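Here's the structure, in structure tokens; my notes come after.
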There are 2 protein chains.
Amino acid sequence: MTSPRAAGTAPRSALTRARVLESAVTLADRDGLGALTMRSLARELGIEAMSLYHHVANKEDLLDGVVDVVAAEIQDAVGRLEALPDDAPESSWKPALRRQILAARTVLLRHPWASTVLESRKSFSLHVVRYYDSLIGLMRRGGFSYDLVHHAMHALGSRALGFSQELFEPDGATAGSAGDGSAEEGAADAATALLLQMADELPHMVEMLAEVGHQDTGSTLGWCDDQTEFEFGLDLILDGLERLAEREKP
Amino acid sequence: MTSPRAAGTAPRSALTRARVLESAVTLADRDGLGALTMRSLARELGIEAMSLYHHVANKEDLLDGVVDVVAAEIQDAVGRLEALPDDAPESSWKPALRRQILAARTVLLRHPWASTVLESRKSFSLHVVRYYDSLIGLMRRGGFSYDLVHHAMHALGSRALGFSQELFEPDGATAGSAGDGSAEEGAADAATALLLQMADELPHMVEMLAEVGHQDTGSTLGWCDDQTEFEFGLDLILDGLERLAEREKP
DNA sequence: ACCTGAACACCGTTCAAGT
DNA sequence: ACCTGAACACCGTTCAAGT
């Protein structure tokens, strides 16, 4: 009764690198990146922490693998988009690129922690590189020189993968860091209130809040629609690239 | 001989929040963000780790403060730029904005770890907000509606502060995450070599490397000039905004 | 071969105690 | 009031030992 395993059945508990990585993604989705520790992951898998090191070199390698899983999802999502017909006009690079990037974005929205991990990687996932290759391919179809393609990839930066570095994410914003650090408030409303108090010091900021913020949700900092803003920024860049590509033509 | 302190002299070792934060910045500049721990910072200051908690609520608060120090440097650098004359033409918003952002960038280049910390903050530094206010002010002088200003700030994202999220930073890149994780190589050349091996799978990527990479440093992935690429992306966005602002005019 | 338990060198932080 | 030492609950990881 040592190993209760039926003849043809694969061992239910056979730990593989793939199973470890999938479990890690599930755990991060559910409990956040901070909850993804070697010990908690082991608990999730019903094994001891040290057993993980048999399938993963160390935590860095675990995170590399986890990024690769997400990147594979991106490749998959992009692959499911309908292909451009062979006789598509040259100008179709733009909507096609846009669609691919927005498809990548839907995947990253499912894994909100992934962008942080992606940023922190020193190595790169082959799935990410393949995805980049497809973006580059689209631009080439649009007549871009490789020099322009290269600049374009840099200009897109993280937007190529579907996220942008928002530096004004006032979800749970406080202005504590400027005071003595003891103040601690969570609501965006509170942050807005604080900004409004400084109207004399931040005249333009406050006026912007008053004018733009009013429109829908009523004067709080939390009005921003991430998706809208992402697409605005993306289109700004795509429009600019289109213009540069036109200029390259003889 | 308990307290060898001269009469009018301020206690040389009087610990203040400001001194703690300055020390933290120095330490991060010298040894990197990973080396900034409560214990190492205390050692740097010649005190015990627990004494820090008298001037800083916890590590989060320390990082908030450290960001604020850097943001103050940015404000300072921007403040030293020559002001726009009152009769400057409306169009001068663009070079002025550009100059401010590039000035912010020089500060962040002095503190390479700062962007990571900036991204991770939930609270915001008042110095950052004041800096943003000056950017908004410039766009208003350029005739932007507040709606456009708002979109513009989102579109700029981290670029407003002088850095961009590069997702293809192949300084020490490896492709380890796609294999079994045991491969470990440091050089960009190695990464390039690996990509070249996959020429059939990554046709456009490899061709781009061959064509663009050749020009200066000779076919390695490390050819990218960060400053050039940052300015390319920034100008792409500024040009786009200029066009949208023109369109808003009656 | 795969998995384990104890142990090590770190973290941030609490707490009671010193001056 | 400011600072301290010991201790606690965590990390990632090494190592010798189990099967």
Side-chain angles (χ1 to χ4, degrees), chain A residues 1-5 9-21 23-24 27-28 31-66 113 116-117 120-122 176-177 180-182 184, chain B residues 1-5 9-21 23-24 27-28 31-66 113 116-117 120-122 176-177 180-182 184:
Chain A
M1 227 209 233
T2 55
S3 139
R5 187 196 305 169
T9 322
R12 213 191 200 291
S13 60
L15 219 49
T16 61
R17 180 177 168 93
R19 255 184 36 109
V20 167
L21 298 182
S23 241
L27 203 161
D31 301 334
L33 191 58
L36 176 57
T37 69
M38 300 301 272
R39 283 171 163 91
S40 68
L41 177 55
R43 201 180 315 121
E44 184 88 0
L45 285 160
I47 59 165
E48 224 63 23
M50 305 317 136
S51 306
L52 290 171
Y53 286 84
H54 231 263
H55 302 95
V56 137
N58 47 38
K59 181 143 190 199
E60 280 296 287
D61 184 39
L62 173 70
L63 293 177
D64 283 349
V66 141
W113 46 269
T116 304
V117 185
S120 70
R121 294 305 82 195
K122 291 204 163 317
S177 65
D180 59 14
S182 60
E184 191 72 79
Chain B
M1 230 205 229
T2 55
S3 138
R5 187 196 305 169
T9 322
R12 213 191 201 291
S13 60
L15 219 48
T16 61
R17 179 177 169 92
R19 254 182 40 108
V20 167
L21 298 182
S23 241
L27 204 161
D31 300 335
L33 191 58
L36 176 57
T37 70
M38 300 301 273
R39 282 171 163 91
S40 68
L41 177 56
R43 199 179 317 121
E44 185 87 1
L45 284 159
I47 58 166
E48 224 61 23
M50 305 317 135
S51 306
L52 290 171
Y53 286 85
H54 232 264
H55 304 95
V56 136
N58 47 38
K59 181 144 190 200
E60 281 297 285
D61 184 40
L62 173 70
L63 293 177
D64 284 348
V66 141
W113 46 269
T116 305
V117 186
S120 70
R121 295 305 81 196
K122 291 202 161 323
S177 64
D180 59 14
S182 61
E184 191 74 78

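These figures come from a predicted structure and were not determined experimentally.
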Could you state the [atom1]-[atom2] distance from [X] to [N], rounded to the nearest angstrom?
X: B:L63; N: C:dC11; atom1: CG; atom2: P; answer: 14 Å
X: A:L52; N: D:dG12; atom1: CG; atom2: C1'; answer: 11 Å
X: A:E60; N: D:dC11; atom1: CD; atom2: C1'; answer: 14 Å
X: B:M38; N: C:dT13; atom1: CE; atom2: P; answer: 6 Å
X: B:L45; N: D:dC2; atom1: CG; atom2: C1'; answer: 15 Å
X: B:L15; N: D:dT4; atom1: CG; atom2: C1'; answer: 13 Å
X: B:R43; N: D:dG5; atom1: CZ; atom2: P; answer: 14 Å
X: A:K59; N: D:dC10; atom1: NZ; atom2: C1'; answer: 12 Å

Among the nucleotides D:dC3, C:dT13, C:dT4, whichever has the atom closest to the side chain of B:N58 is C:dT13
Could you please name the option among C:dG12, D:dT4, C:dA7 that lies closest to any side-chain atom of A:R39? C:dA7
Only one of A:K59, A:R121, A:K122 forms a side chain to side chain donor-acceptor pair (under 3.5 Å) with A:D64, so which one is it? A:R121
Check: B:D61 and B:Y53 side chains under 4.5 Å, non-hydrogen atoms: no
Regarding B:M50, tell me which of base, sugar-phosphate or nothing describes its non-hydrogen contacts under 4.0 Å with the strands shown. base
Quick one: label A:T37 by what it contacts on the DNA or RNA (base, sugar-phosphate, nothing), any heavy atom closer than 4.0 Å. sugar-phosphate
Measuring to OP1 and OP2 of C:dT13, would you say a side-chain N or O of B:Y53 lies under 4.0 angstrom away? yes
Does a nitrogen or oxygen in the side chain of A:S51 sit under 4.0 Å from OP1 or OP2 of C:dC2? no
Nearest 0.5 Å please: distance from the OG atom of A:S40 over to the CG atom of A:D31. 8.0 Å
Separation between CE of B:M38 and CZ of B:R43, rounded to the nearest 0.5 Å: 13.5 Å
Looking at B:L62 and B:A24, what are the two nearest heavy atoms and their distance? CD1-CB, 4.1 Å
5'-most contact on DNA chain C: B:G34 or A:H54, nearest heavy atom basis? A:H54
Scan every strand shown for a Watson-Crick or G-U wobble partner of C:dC15, both distances under 3.5 Å, and answer none if you come up empty. D:dG5
